[in-house]
Amino acid sequence: MGLEKELNRYYKEIKRHLTCPKKEQEEFLTEVHHLVDDFLGNQPEASYADLVEAIGEPGELAATMLKTLPDQTVVQTYRRKRKMRTGIVIGFLVLVIAALCFMINYIGHMRANTIITEETTTIIEPETTVS
């Protein structure tokens with residue numbers, strides 16, 4: 001995998017760990033980009049492993065950055081995201097339950113309006129004689 005793809009994955013992983021408001025998240029990511037650019041500027045032949053060793057794992061780096069924020073900011077953002085996820089899950093469940101109710105009602109309606117009849121047909125053929 002090329003260094004560019006690994007760096008993109010590194011940035012995405014850091015962003016995933018940054019449970020803070022967008023403004024602070026963008027500031028932290030800008031700071032990380034500067035750190036990476038400075039490191040690669042000083043060591044252009046460095047590998048991804050060298051970069052991670054020098055700057056840190058994405059989760060650790062994000063945790064270090066989050067420690068600079070007031071605890072209340074991180075907690076509020078976490079709660080807001082958790083509420084949003086819970087709302088999405090509840091909405092999805094309501095949609096599934098409504099669809100199931102509709103199907104059950106539709107099937108019951110179809111059964112109630114179905115008339116089953118039995119009919120017997122007898123065919124009598126004239127006798128024919130073979131000579």
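Distance CG/L40 to CG/L35: 11.0 Å, rounded to 0.5 Å. In this structure, the separation between CD on E60 and CD1 on I14 is 11.0 Å, given to the nearest 0.5 Å. Here OG1 of T30 is found 10.5 Å from CD of Q25. Values are rounded to the nearest 0.5 Å. Between the SG atom in C20 and the CD atom in E26 there is a gap of 10.0 Å [rounded to 0.5 Å]. In this structure, the separation between NE2 on H109 and CD1 on I107 is 12.5 Å, given to the nearest 0.5 Å. Rounding to the nearest 0.5 angstrom, the gap separating the CD1 atom in I55 from the CG atom in L61 is 7.5 Å.
Of all heavy-atom pairs spanning M65 and V32, the tightest one is CE-CG2, 3.3 Å. Nearest heavy atoms, L3 versus S47: CD1-C, 4.4 Å. The minimum heavy-atom distance between P44 and G41, with the atom names listed, is CD-O, 4.0 Å.
Of the possible polar contacts, one joining the N42 side chain to the D38 backbone as a donor-acceptor pair under 3.5 Å is found.
A single hydrophobic cluster is seen to contain both F92 and L100, as judged by linkage of ILVMFWY side chains at heavy-atom distances under 4.5 Å, directly or through other members.
For K12, the NZ atom is loosely surrounded, since the number of other residues' heavy atoms within 6.0 Å does not exceed 12.
A heavy-atom distance below 4.5 Å is found between the side chains of E27 and K23. Put simply, the side chain of E6 does not reach to within 4.5 Å of the side chain of L51, judged on heavy atoms.
Pairs passing the side chain to side chain donor-acceptor pair (under 3.5 Å) check and including a residue from residues 61-70, sequence neighbours excluded, do not occur. The list of ring-ring contact (aromatic ring centres under 6.0 Å, His included) pairs with a residue in residues 18-44, not counting sequence neighbours, reads Y11-H33.
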H17 and E13: CA distance, side-chain angles, deciding distance, side chain to side chain contact (heavy atoms under 4.5 Å, CB included) verdict: CA-CA 6 Å; H17 287 284; E13 190 68 19; 3.1 Å; yes

